[in-house]
Structure formats: structure tokens, C-alpha cells
There are 2 protein chains.
Amino acid sequence: MNDSIETLKEGRKGRQRKAQRTGCAVEVTLSVIGGVWKPVILFHLLQGKLRFNELCKRTSSATPRMMTLQLRELESDGIISRTVYAEVPPRVEYELTETGRSLEPILLTMRDWGSRYQSQ
Amino acid sequence: MNDSIETLKEGRKGRQRKAQRTGCAVEVTLSVIGGVWKPVILFHLLQGKLRFNELCKRTSSATPRMMTLQLRELESDGIISRTVYAEVPPRVEYELTETGRSLEPILLTMRDWGSRYQSQ
DNA sequence: CTGGATCCTTCTTGATACTG
DNA sequence: CAGTATCAAGAAGGATCCAG
């Protein structure tokens with residue numbers, strides 16, 4: 001009927017695909033923030049820019065490897081920006097872009113729903 | 001720092017865990033609707049009850065196996081209800097529960113964001 | 001500190017065939 | 001129709017070591 005899930009799955013790593021001849025825009029959103037890590041990362045970035053290690057700690061102690069992979073994808077989707085400071089020791093800060101901040105309603109709604117669900 | 005992602009991951013199949021001593025309720029939500037299939041399934045169910053095969057077709061031609069797995073998890077989380085009609089041929093209908101319908105804001109916001117993102 | 005590169009194990013998913 | 005069972009392939013994730 002459509003190939004949007006294929007697009008979606010490839011989107012989780014094989015980026016750059018457009019297709020989406022589906023009518024279900026939900027799948028588009030999932031292709032960008034889908035997965036278990038990204039929404040959490042983005043949620044923490046709502047508070048402001050954060051450094052790499054800080055993000056690792058806040059995201060349930062994600063391993064550097066996973067964090068790097070997720071951040072790269074988010075960056076290539078234009079959701080976050082990456083700023084490298086030429087210092088010693090190195091410092092890299094991640095920040096939401098304009099597009100990234102537009103996800104705020106989704107993330108906040110998810111947080112609120114989670115709170116309510118948790119307390120039954 | 002916390003084990004919420006562990007909880008979250010187990011939540012994707014090993015259900016029944018509470019823990020969540022994190023402050024990030026987003027992870028709670030993700031433990032329920034996380035993954036690539038569930039939000040799409042739920043989105044389609046917003047329109048009303050649907051039969052098994054109908055759901056398969058609408059969710060990017062998901063295989064029966066995947067659909068069964070996802071539906072079972074959603075059911076055990078109290079998000080959807082499953083009604084079996086004693087007929088020939090068999091008919092099973094899935095429907096959002098009260099809790100499930102409370103996800104509507106999230107799903108609609110995701111759809112809207114996807115539309116906007118798609119058109120840049 | 002911020003990752004890149006590998007290796008290796010586990011989980012997830014698809015394909016296929018079969019049943020009530 | 002609405003699943004279930006099984007097998008095999010592939011992807012995802014953890015651990016570890018190394019580098020600018």
C-alpha cells in the first residue's frame with residue numbers, strides 16, 4: 001500500500017530518503033525522532049545546550065557510542081546543532097535548532113502523559 | 001545514574017516493571033508507545049475500531065507476526081482493547097481504551113509536526 | 001574530554017508455512 | 001480471517017581500546 005515504514009526504518013540510519021507517499025505524517029515524525037534514545041535526548045536539550053558527557057549521564061547512562069550515533073542522526077536531520085570549542089580539554093556543546101525547538105510541544109506532551117500514566 | 005532505560009527496554013517485551021526512579025517522564029511514555037510501529041497503529045485507531053487485517057494493511061503492510069506482537073503489548077499496557085466475535089469467518093476488532101484515547105494529543109501533534117517538517 | 005574503530009552478543013524482524 | 005510456530009538474517013547495542 002505504501003513504503004513509508006521502509007523509509008522510516010532506513011531513516012534510522014540510512015538517512016536521505018524522501019518517498020513518503022503515505023498520508024500518515026506520524027511516520028515522518030517517527031523517522032526523525034523515532035527510537036528510544038532520541039526523544040529523551042531532545043527532552044533534556046529543551047533546557048538548554050549541553051555537553052557530550054552531560055548528555056550521556058542524563059540519558060540513562062547511555063554509552064558514548066550510542067550517544068554519538070544518535071546525535072549525528074539528529075544533527076543531519078537538522079534537529080540539533082553541534083558546536084566545537086577549540087580548547088583543551090575539548091568541549092562540544094549540543095543545542096536544539098529552530099526546528100528542534102518546534103518539537104517542544106510533542107516532548108512536553110509526552111512527559112505530561114507519562115506522569116499521568118505512571119500514577120495510573 | 002538511573003535505570004530507566006533498562007526499564008524502558010525491558011518494557012518493550014518483558015513488561016511489568018515499575019522502578020522509574022527517574023525524573024524524566026518521557027521515558028515512561030516511551031516505554032508504552034516507544035518503537036516504530038505502535039504510534040502508527042494507535043494513530044489509525046484514533047479513527048475508530050479496526051480489524052486485524054485492516055491494521056496490517058494500514059501500517060505499511062506490517063506482517064501479521066509483528067502486528068500481533070505490537071497489539072499484545074499495547075493491550076497489556078491497557079492502551080487498546082481486543083474484542084473477539086464468535087463468527088465464521090472470525091472477526092477481531094481493536095479499539096482504543098480510555099487511556100489509549102488520552103494519547104490523542106501526542107499522536108495528533110506528531111502528525112502535525114510531521115506534515116510541517118515534510119514541507120520543510 | 002570527545003569521540004572513532006572493532007569485535008561480539010543479543011534482539012528484532014521478515015519470510016514462510018500451518019492451524020482453528 | 002486471525003493468528004501461531006519456526007527459522008534465518010540483519011540490525012542494534014555493549015565493551016573495549018585508541019586518538020586528537
Side-chain angles (χ1 to χ4, degrees), chain A residues 1 3-15 17 27 30-31 34-41 45 49-76 80-95, chain B residues 1 3-15 27 30-31 34-38 40-41 45 49-76 80-95:
Chain A
M1 202 129 288
D3 66 356
S4 39
I5 279 289
E6 286 66 40
T7 304
L8 203 165
K9 286 177 186 164
E10 293 179 17
R12 302 238 294 176
K13 49 184 204 308
R15 297 288 102 206
R17 257 299 199 78
E27 301 184 354
L30 287 171
S31 72
V36 163
W37 307 90
K38 289 178 184 173
V40 183
I41 293 172
L45 283 176
K49 52 178 65 171
L50 287 172
R51 299 182 57 171
F52 185 83
N53 263 352
E54 193 57 31
L55 273 172
C56 286
K57 287 177 202 157
R58 299 198 188 193
T59 309
S60 301
S61 307
T63 59
R65 198 184 90 96
M66 286 315 302
M67 188 55 69
T68 300
L69 292 174
Q70 303 300 308
L71 290 172
R72 287 292 183 280
E73 290 191 9
L74 289 171
E75 190 187 357
S76 75
I80 64 174
S81 64
R82 179 171 179 268
T83 310
V84 183
Y85 296 87
E87 305 176 351
V88 177
R91 178 161 60 106
V92 180
E93 288 184 337
Y94 294 90
E95 188 177 13
Chain B
M1 202 126 290
D3 65 356
S4 37
I5 281 290
E6 285 68 38
T7 303
L8 204 164
K9 285 177 186 163
E10 294 180 16
R12 301 240 293 177
K13 49 183 209 303
R15 296 288 102 203
E27 301 184 354
L30 254 28
S31 72
V36 163
W37 307 89
K38 289 178 183 173
V40 183
I41 293 173
L45 283 176
K49 52 179 63 173
L50 287 173
R51 300 180 58 170
F52 185 84
N53 266 349
E54 192 57 32
L55 273 171
C56 287
K57 286 176 202 155
R58 299 199 187 192
T59 310
S60 300
S61 306
T63 59
R65 199 183 87 96
M66 285 315 301
M67 189 54 70
T68 299
L69 292 174
Q70 303 300 308
L71 290 173
R72 289 291 185 281
E73 291 191 6
L74 289 171
E75 190 187 357
S76 76
I80 65 174
S81 65
R82 179 171 178 270
T83 309
V84 183
Y85 295 87
E87 304 175 351
V88 177
R91 179 162 59 105
V92 179
E93 289 184 337
Y94 294 89
E95 188 177 14

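Chain identifiers are assigned alphabetically (A, B, ...) following the order of the sequence lines, protein sequences preceding nucleic acid strands; residue numbering begins at 1 within each chain.
Not one N or O on the side chain of A:Thr59 forms a donor-acceptor pair closer than 3.5 Å with the backbone of A:Cys56.
Distances shorter than 4.0 Å separate some side-chain N or O of A:Arg51 from OP1 or OP2 on C:dT2. OP1 or OP2 of D:dG13 lies within a sub-4.0 Å distance of a side-chain N or O belonging to A:Trp37.
For the residue pair A:Leu55 and A:Met67, the shortest heavy atom distance occurs at O-CE, 3.6 Å. Nearest heavy atom pair, residue B:Phe52 against residue B:Pro64, reads CZ-O, 3.6 Å.
Taking the C1' atoms of five terminal pairs at each end of the helix from C:dC1-D:dG20 to C:dG20-D:dC1, the two resulting helix axes are inclined by 50°, rounded to 10°.
Remark: A:Arg65, A:Met66 in residues 64-72 of chain A come within less than 4.0 Å of DNA chain D through at least one heavy atom.
Taking atom CD of B:Glu54 as the reference point, atom C1' of D:dG3 lies 17 Å away to the nearest angstrom. Taking atom CD of residue B:Glu75 and atom P of nucleotide D:dG3, one finds them 10 Å apart after rounding to whole Å. Residue B:Lys57 contributes atom NZ, which lies 12 Å from atom C1' of D:dA2 at whole-angstrom precision. The distance from atom CD of A:Glu73 to atom C1' of D:dA11 is 12 Å, rounded to the nearest whole Å. The NZ-P distance, from A:Lys49 to C:dT2, rounds to 14 Å in whole Å. Rounded to whole angstrom, the span from the OH atom of A:Tyr94 across to the C1' atom of C:dG3 amounts to 8 Å. Separating the CG atom of B:Leu55 from the C1' atom of D:dA2 is a distance of 12 Å, rounded to the nearest angstrom. Taking atom CZ of residue A:Arg82 and atom C1' of nucleotide C:dG4, one finds them 11 Å apart after rounding to whole Å.
B:Val84 meets the side-chain contact (heavy atoms from CB on, under 4.5 Å) test with B:Arg82, B:Val92; sequence neighbours excluded. For B:Arg51, there are no salt bridge (Lys or Arg N to Asp or Glu O under 4.0 Å) partners at least two apart in sequence or on another chain. The side-chain contact (heavy atoms from CB on, under 4.5 Å) search around B:Glu95 returns B:Lys49, B:Ser81, not counting sequence neighbours. Listed by chain and residue number, B:Thr63, B:Leu69 satisfy the side-chain contact (heavy atoms from CB on, under 4.5 Å) test with B:Arg65 (two or more places apart in sequence, or in another chain).
B:Pro89 comes within contact range of the sugar-phosphate backbone alone, with a heavy-atom separation under 4.0 Å but no base atom that close. Residue A:Tyr85 is out of contact with every strand shown, counting any heavy-atom pair closer than 4.0 Å.
To the nearest 0.5 Å, atoms NZ (A:Lys38) and CG (B:Leu30) are separated by 12.0 Å. Expressed to the nearest 0.5 Å, how far CD1 of B:Ile41 lies from OG of B:Ser60 amounts to 10.5 Å.
In terms of position on DNA chain C, the residue among B:Thr63 and A:Arg91 whose nearest nucleotide sits closer to the 5' end is A:Arg91.
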